[in-house]
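Following: one structure in structure tokens, then a few remarks.
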Amino acid sequence: MQFAGQPAYGRTVTAAATTLRSQVFAILRPNDPGPAARRWRAIHLVVLFVGLLAVILLSVDELPGGRKFLLRGAIWGVTAFFLVEYIVRLWIAPEIPQFDELSPFRARLRWARTVPGLIGLLAVMPAALLVIGYGITGADTASVFCILWIMKLGLHAPAFGTLVRVISNERAPITSVLIVFAILLMSAATAAHMLERVAQPKAFGSLPDAMWWAVVTLTTTGYGDVVPVTPGGRIIGSLLMISGIAVLALMTGVLATGFAQEERRREYLRVWDQVSRVPLFTSLGVVTLSEIVGKLRTRYYPARVTVLRRGDPGDSMFFISNGECEVRLPNGAAVRLSDGAFFGEMALLNRQPRTASVATTKPTTMLVLYASDFYEIASHIPALAEAVEKEAKRRRDENLERQSGSSRQ
Ligand code: CMP
């Protein structure tokens, strides 16, 4: 039998649960710029650090028994923390936008199979070890925690996802460098095997042995456990060392360029996201806007942080996309600026030091435009330059008025 009020009651409960779930999701979402999410990430990092420290210290045999007891307690605590985190993350998985179309159960199952899901599961594996009675007795069990937990650190590195994308984007040059590496390795190993095997049958008697020497030399590691002794072997060794430096430099160059390009692309998207909140920009056409977006940088400031100081040289101006700042004028007055407002333009326009200090009153996300880019944009987009100049003039007049008002009193 169905009561009239039943469905409404059911809906209310679901709505409340969804709201709570989405709120928790917003906090646990990776890279969320919100203050609660930042606080959560800081707590998570501290817990992880405490756990790793406890595991590392537990492996020191000389530590007294009492201390070890404390460390084991810390490891238990950290494991319990990760277990709760894993369960909560499973619960909020249906909030992940990519899993929108899936049922909650399927969304959770899908999340459990993602890299963060698997890392989360691995991090709570020690709990399973404890439950089945292994106990945290010695260095061996402790080191398992160390390996499993250190992986969680990867989830804190925003560059981790970037690294995967860089490797994928740059797979062609990376493959080429690896092929050069393989050619050098095999040629040097074969040559050294032929030249050294009589003098050193143990170290160069087989190709795998010679390849070990070639890898150690080519990567510039140089353990020194195997050393060529014949003149021919030494020449090959010398050439291999020089080639090793060149190959490593090539790989570093490919990865560094890939990282820089990827970071520029990500920053571009972040700026696009923020730019729509600044009315000064939204009035511009898409083509003009895309030119500006490439020159802006996003910056996040916590509350009560000084962004610029009166008297400092002006090298940039700021657009508030989300948050609030306070301009502290020399006469003691203060002006609040919020979403969409800009500041720092006077020093750039007049090429003079900052006329006031500016600090955040709330956690604030801003877009920064450096002086050289500002002058370039101002010369290209007169409408923007005019709007900024007009506001700067209004502020200057207002400040003069305030000043003369306070001197009259
Ligand atoms: P700048 O002088 O570069 O650095 C301090 C900034 O405070 C200044 O640029 C302006 O952007 C801003 N500012 C100064 N006076 C006012 C005002 N009366 N109202 C709002 N902002 C101001």
Side-chain angles (χ1 to χ4, degrees), residues 33 35 267 270-284 288-409:
E267 180 65 3
R270 275 197 292 265
V271 173
W272 261 116
D273 204 37
Q274 303 293 325
V275 110
S276 56
R277 299 164 192 241
V278 181
L280 193 68
F281 295 133
T282 42
S283 56
L284 303 169
T288 318
L289 199 55
S290 64
E291 192 188 329
I292 297 174
V293 165
K295 303 203 184 305
L296 291 165
R297 297 282 171 272
T298 50
R299 290 277 178 283
Y300 171 82
Y301 291 86
R304 294 180 295 281
V305 165
T306 303
V307 182
L308 49 90
R309 281 196 175 77
R310 187 172 159 240
D312 280 356
D315 60 352
S316 49
M317 72 173 287
F318 301 79
F319 300 87
I320 303 173
S321 63
N322 187 14
E324 192 184 67
C325 289
E326 190 176 72
V327 181
R328 291 165 190 163
L329 296 164
N331 62 355
V335 181
R336 296 241 163 155
L337 300 174
S338 58
D339 298 11
F342 60 84
F343 61 88
E345 78 293 350
M346 288 171 135
L348 300 193
L349 289 170
N350 306 325
R351 298 176 198 246
Q352 277 175 353
R354 300 289 189 196
T355 55
S357 296
V358 182
T360 56
T361 54
K362 291 180 188 169
T364 305
T365 309
M366 285 188 249
L367 294 166
V368 186
L369 182 64
Y370 291 104
S372 53
D373 294 326
F374 171 76
Y375 295 128
E376 198 189 320
I377 286 176
S379 63
H380 277 140
I381 312 161
L384 190 87
E386 266 167 39
V388 172
E389 271 168 29
K390 198 170 149 199
E391 179 61 11
K393 187 178 174 313
R394 190 197 66 74
R395 287 173 177 176
R396 201 169 42 243
D397 293 347
E398 189 182 277
N399 293 352
L400 285 172
E401 219 168 277
R402 273 178 213 264
Q403 236 169 354
S404 55
S406 57
S407 59
R408 268 201 302 274
Q409 276 172 7

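In listed order, ligands and their atoms are each counted from 1. Throughout, numbering of the chain's residues begins at 1 and tracks the sequence.
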Quick test: of every protein heavy atom, which one is nearest to [atom], and how far off is it to 0.1 Å?
| atom | answer |
| --- | --- |
| atom 5 (C) of ligand 1 | Ala356 O, 3.4 Å |
| atom 3 (O) of ligand 1 | Arg354 NH1, 2.8 Å |
| atom 22 (C) of ligand 1 | Arg395 CD, 3.6 Å |
| atom 13 (N) of ligand 1 | Val327 CG1, 3.6 Å |
| atom 15 (N) of ligand 1 | Asn399 ND2, 2.9 Å |

Below 3.5 angstrom, do we get any N/O pair linking [X] and ligand 1?
| X | value |
| --- | --- |
| Pro353 | no |
| Thr355 | yes |
| Gly344 | yes |

**OP:** State, without any angle test, whether Glu326 and Thr361 hold a side-chain donor-acceptor pair at a distance under 3.5 Å.
**Re:**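 No - no donor-acceptor pair under 3.5 Å links their side chains.
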For residues 337-345, run the donor-acceptor check on the side chains, cut-off 3.5 Å, and write out each pair with its distance to 0.1 Å, sequence neighbours left out.
{"residue": "Asp339", "atom": "OD1", "partner": "Gly323", "partner atom": "N", "Å": "2.9"}
{"residue": "Glu345", "atom": "OE1", "partner": "Arg395", "partner atom": "NH1", "Å": "3.2"}
{"residue": "Glu345", "atom": "OE2", "partner": "Arg395", "partner atom": "NH1", "Å": "3.1"}

Of all heavy-atom pairs between [X] and [Y], which one has the smallest distance, and what is that distance?
| X | Y | value |
| --- | --- | --- |
| Pro313 | Arg354 | O-NE, 4.2 Å |
| Ser276 | Thr282 | O-CG2, 3.4 Å |
| Leu367 | Val278 | CD1-CG2, 4.3 Å |

Original post:
Between atom CG of Leu296 and atom OG of Ser316, what is the distance when rounded to the nearest 0.5 Å?
Top reply: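 It comes to 11.5 Å.
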Region of [X] that comes within reach of ligand 1 [heavy atoms, distance under 4.0 Å]:
| X | answer |
| --- | --- |
| Val335 | side chain |
| Leu348 | neither |
| Glu398 | side chain |
| Glu345 | both |

Proximal ligand 1 atoms for [X], defined as those under 4.0 Å from one of its heavy atoms:
| X | answer |
| --- | --- |
| Leu308 | 4 (O), 5 (C) |
| Ala347 | 1 (P), 2 (O), 3 (O) |
| Phe343 | 11 (O) |

**OP:** Go through the steps to decide whether Met346 and Asn399 satisfy the test side chain to side chain contact (heavy atoms under 4.5 Å, CB included), and finish with yes or no.
**Re:** CA-CA 12 Å; Met346 288 171 135; Asn399 293 352; 4.3 Å; yes
Original post:
Is the side chain of Ser321 donor-acceptor paired with the backbone N or O of Thr365 at a distance under 3.5 Å, no angle test?
Top reply: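 Yes; at least one donor-acceptor contact below 3.5 Å.
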**OP:** Taking Thr364 for its side chain and Glu324 for its backbone only, find out whether a donor-acceptor pair lies under 3.5 Å.
**Re:**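 Yes: the side chain of Thr364 pairs with the backbone of Glu324.
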Original post:
Would you call Arg394 and Glu398 a salt bridge, taking side-chain N to carboxylate O under 4.0 Å as the test?
Top reply: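 Counted as a salt bridge, because a side-chain N and a carboxylate O are separated by less than 4.0 Å.
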Original post:
Taking atom 10 (C) of ligand 1 as the point of reference, which of Arg328, Met346, Glu326 owns the nearest heavy atom?
Top reply: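 Heavy atom nearest to atom 10 (C) of ligand 1 belongs to Met346.
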